[in-house]
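Please read the structure below before turning to the comments.
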Amino acid sequence: MKKITDTVVVLDRGYYTTCTINFHGATVVSWRIRNLEQIFVSRQAVLDNKKIIRGGISFVFPRFGPWIFGPQHGFSRIMRWKVEKPPTRLPNGDVEVVFCLNDDHFTRSMWNYPFQLLYRITLLETELHFDIKVKNLSSRLPFTFNLVLFTYLRVPDINDCQLVGLQEKILQDERIGYFIPDFEENNECEENDECEEEYHVEANTEVTYSVDTSSKSTEVASTNELVVTVNKPTNVLYPSSLDEYEIEHVVDDQTLIIQKNNLPDTVIWNPWTEIALPNFDQDEHVKMLGMKTGNLVNPVNLLRGQEYNAGLVLKLKRPERDPMYLFW
Ligand SMILES: O=P(O)(O)OC[C@H]1O[C@@H](O)[C@H](O)[C@@H](O)[C@@H]1O
């Protein structure tokens with residue numbers, strides 16, 4: 001039903017439906033439904049508890065993109081998380097686990113705030129649920145963060161995938177970081193009263209993104225396209241995308257429904273063969289669809305003592321005419 005080793009937690013829903021989460025980054029490295037793998041992990045992925053795991057579903061916090069104080073996409077992907085609540089079978093048969101990550105010397109060296117992340121992962125028969133809580137444990141200071149779930153979906157052939165429901169304004173750049181606003185950092189001040197006044201981001205301040213026209217940024221379109229396909233290097237931002245959309249022709253030719261809550265923005269990403277990613281064979285681009293779901297455009301400003309909640313659901317659409325449907 002459930003298993004914890006030094007490296008991973010395995011949730012087992014029965015009928016070969018499992019989810020494996022590595023303590024390193026609380027990275028989901030496998031989601032099998034009836035033994036069919038839904039998650040892409042590169043054959044070159046390095047599991048050394050230091051580097052990011054190339055693939056899976058990783059937790060990006062507190063910064064998305066390049067970051068002067070720490071690693072790209074923050075520190076939470078390269079830290080060992082703890083289990084807050086061990087794997088538990090719920091009365092309806094679903095299985096859940098709660099991971100947590102707290103600030104420590106390592107995080108304080110990059111981002112000097114006390115925080116706690118709680119990350120509940122629940123495995124259903126044909127669904128995977130993620131519930132996130134960010135707590136600002138400071139008694140004095142707000143903090144500002146990006147939070148993104150960075151998913152590498154396994155697909156039979158990226159050229160066949162169709163995304164339905166992302167018909168929002170699109171901005172594209174090969175380095176999506178151009179669209180992420182720089183916001184004020186308070187990297188030294190948690191224990192220093194004088195610094196409080198230097199912190200300029202007000203609660204609920206809307207931080208707008210801008211396009212650096214001197215870069216290679218291009219606005220692709222304001223589009224009402226009903227169907228989006230990925231057949232070239234892609235790094236497309238859908239600001240405030242709809243909270244539900246679908247991806248057709250995923251594993252076993254099924255349709256995956258994405259539902260998100262309090263994670264406004266979506267990026268659809270595939271490096272194709274143009275970008276040499278570490279720990280990734282370029283021919284693997286055909287087998288993956290990168291999907292980033294989170295707060296990219298307007299970082300969250302969380303007041304002292306406050307909590308922020310968000311969620312993501314991945315679920316297979318039940319095929320109405322599939323005879324196997326009766327057995328689900
Ligand atoms: O290797 P990482 O840190 O997981 O990043 C993967 C990719 O993440 C994307 O968000 C960036 O736009 C790419 O430039 C980057 O290569």
Side-chain angles (χ1 to χ4, degrees), residues 21-22 24-29 39-79 81 107 110-111 145-155 158 163 166 170-182 209-212 215-220 228 230 232-239 241 260 263-299 312:
I21 306 118
N22 197 303
H24 186 61
T27 310
V28 175
V29 289
I39 297 295
F40 171 88
V41 175
S42 170
R43 63 173 92 97
Q44 296 293 346
V46 176
L47 302 172
D48 64 357
N49 294 326
K50 293 189 184 109
K51 297 186 181 65
I52 60 142
I53 297 172
R54 176 63 66 208
I57 303 175
S58 60
F59 195 112
V60 170
F61 177 90
R63 289 292 179 275
F64 179 84
W67 184 26
I68 51 171
F69 294 113
Q72 156 145 301
H73 298 337
F75 46 65
S76 57
R77 298 191 303 169
I78 54 167
M79 294 183 68
W81 290 52
T107 68
M110 295 168 264
W111 197 66
F145 61 88
N146 301 116
L147 190 159
V148 176
L149 291 183
F150 188 159
T151 304
Y152 288 73
L153 274 185
R154 171 177 289 277
V155 296
I158 185 67
L163 295 103
L166 278 173
I170 301 172
L171 299 170
Q172 175 163 358
D173 189 272
E174 62 187 24
R175 286 173 290 173
I176 198 77
Y178 284 156
F179 298 104
I180 308 309
D182 279 333
Y209 57 91
S210 60
V211 178
D212 175 356
S215 74
K216 293 185 206 163
S217 307
T218 49
E219 182 166 332
V220 172
V228 170
V230 179
K232 58 178 191 291
T234 300
N235 207 353
V236 181
L237 171 66
Y238 298 83
S241 60
K260 57 190 180 64
L263 299 170
D265 310 313
T266 299
V267 174
I268 299 302
W269 175 70
N270 188 302
W272 221 249
T273 50
E274 318 289 310
I275 297 165
L277 281 182
N279 311 120
F280 183 82
D281 282 337
Q282 285 186 327
D283 66 338
E284 294 183 290
H285 75 279
V286 180
K287 298 291 176 198
M288 60 144 286
L289 172 61
M291 183 179 72
K292 303 163 192 179
T293 313
N295 290 281
L296 292 97
V297 175
N298 290 311
L312 177 70

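For this chain, numbers begin at 1 and follow the sequence in order. When a ligand or atom number is given, it counts from 1 through the structure's own listing order.
Of the candidates V230, T234, N270, L277, H285 forms a side-chain contact (heavy atoms from CB on, under 4.5 Å) with just one, namely N270. For the pairing with H73, the ring-ring contact (aromatic ring centres under 6.0 Å, His included) check across W67, F64, F145 returns one residue only, F64.
Annotation: W269 places no N or O atom under 3.5 Å from an N or O atom of ligand 1; distance criterion only.
Residue nearest to atom 1 (O) of ligand 1, selected from K51, R54, Q72: R54 (by heavy-atom distance).
For W81 and F59, the gap between ring centers is short of 6.0 Å.
In terms of modelled atom types and a separation under 3.5 Å, the side chain of D265 and the main chain of L296 share a donor-acceptor contact.
The structure places CG of N22 at 6.0 Å from CG of L47, a figure rounded to the nearest 0.5 Å.
Contact annotation: for I52 versus ligand 1, heavy atoms closer than 4.0 Å belong to the side chain alone.
Close contacts between ligand 1 and N235 involve ligand atoms 12 (O) [criterion: under 4.0 Å to a heavy atom]. Interface atoms of ligand 1 facing H73, defined by a heavy-atom separation under 4.0 Å, are 3 (O), 5 (O), 8 (O), 9 (C), 10 (O). Counting the atoms of ligand 1 from 1 in the order shown, those under 4.0 Å from a heavy atom of F64 are 10 (O). Residue contact check: R77 has heavy atoms under 4.0 Å from atoms 2 (P), 3 (O), 4 (O) of ligand 1. Ligand-side atoms of ligand 1 in range of L277: 16 (O), range being under 4.0 angstrom from any heavy atom.
Salt-bridge formation is not detected for the pair D281/K287: no Lys NZ or Arg NE/NH1/NH2 atom is positioned less than 4.0 Å from an Asp or Glu carboxylate oxygen.
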